[in-house]
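One-based numbering along the sequence shown.
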Amino acid sequence: MTPHREPHPDGPAGTPDSRASAGFDLDFTAHEMERRAQVLAALGPDWDPVEVMRGEEEAYDLLYSGLDAEQQRVYEELVAAGVLPRREGGGRAAA
């Protein structure tokens with residue numbers, strides 16, 4: 001006698017469960033190392049990450065400088081809510 005199987009919602013009675021999964025592992029280590037090597041090659045030998053970070057800080061200082069009263073109020077709300085970090089000068093740096 002064959003075992004009784006309830007009809008599967010995705011197919012006729014007796015079909016294997018199409019939602020069942022098989023376990024397998026993928027190792028992307030070699031691919032990730034190649035990707036990183038390609039990124040560094042594309043950046044070139046003159047890329048200076050410290051200088052890039054310094055430039056980003058300067059850009060943020062400019063972004064949050066010279067705010068009018070309404071913009072300053074919104075900035076303060078976002079800082080108080082933890083959405084933005086407090087900047088040196090509190091968003092009031094000269095433009």
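In this structure Glu77 satisfies the salt bridge (charged side-chain N to carboxylate O under 4.0 Å, His left out) test together with Arg73, sequence neighbours excluded. Residues satisfying the salt bridge (charged side-chain N to carboxylate O under 4.0 Å, His left out) test with Glu51, not counting sequence neighbours, are Arg54. Residues meeting the side-chain contact (heavy atoms from CB on, under 4.5 Å) test with Asp68, sequence neighbours left out: Glu70, Gln71.
Gln38 pairs with exactly one of Arg35, Arg36, Glu34 by the side-chain contact (heavy atoms from CB on, under 4.5 Å) rule, that one being Glu34.
Hydrophobic clustering of Ile, Leu, Val, Met, Phe, Trp and Tyr side chains at less than 4.5 Å, counting indirect connections, keeps Trp47 apart from Met53. Both Val83 and Val79 belong to a common hydrophobic cluster when Ile, Leu, Val, Met, Phe, Trp and Tyr are linked at side-chain heavy-atom distances under 4.5 angstrom. Taking hydrophobic clusters as Ile, Leu, Val, Met, Phe, Trp and Tyr residues chained together by side-chain heavy-atom distances below 4.5 Å, Tyr60 shares a cluster with Val74.
At a threshold of 4.5 Å between non-hydrogen side-chain atoms, the residues Met33 and Phe28 do not count as touching.
Rounded to the nearest 0.5 Å, atoms OH (Tyr64) and CD (Gln72) are 11.5 Å apart. The CD atom of Glu76 sits 10.0 Å away from the CG atom of Leu84 when rounded to the nearest 0.5 Å.
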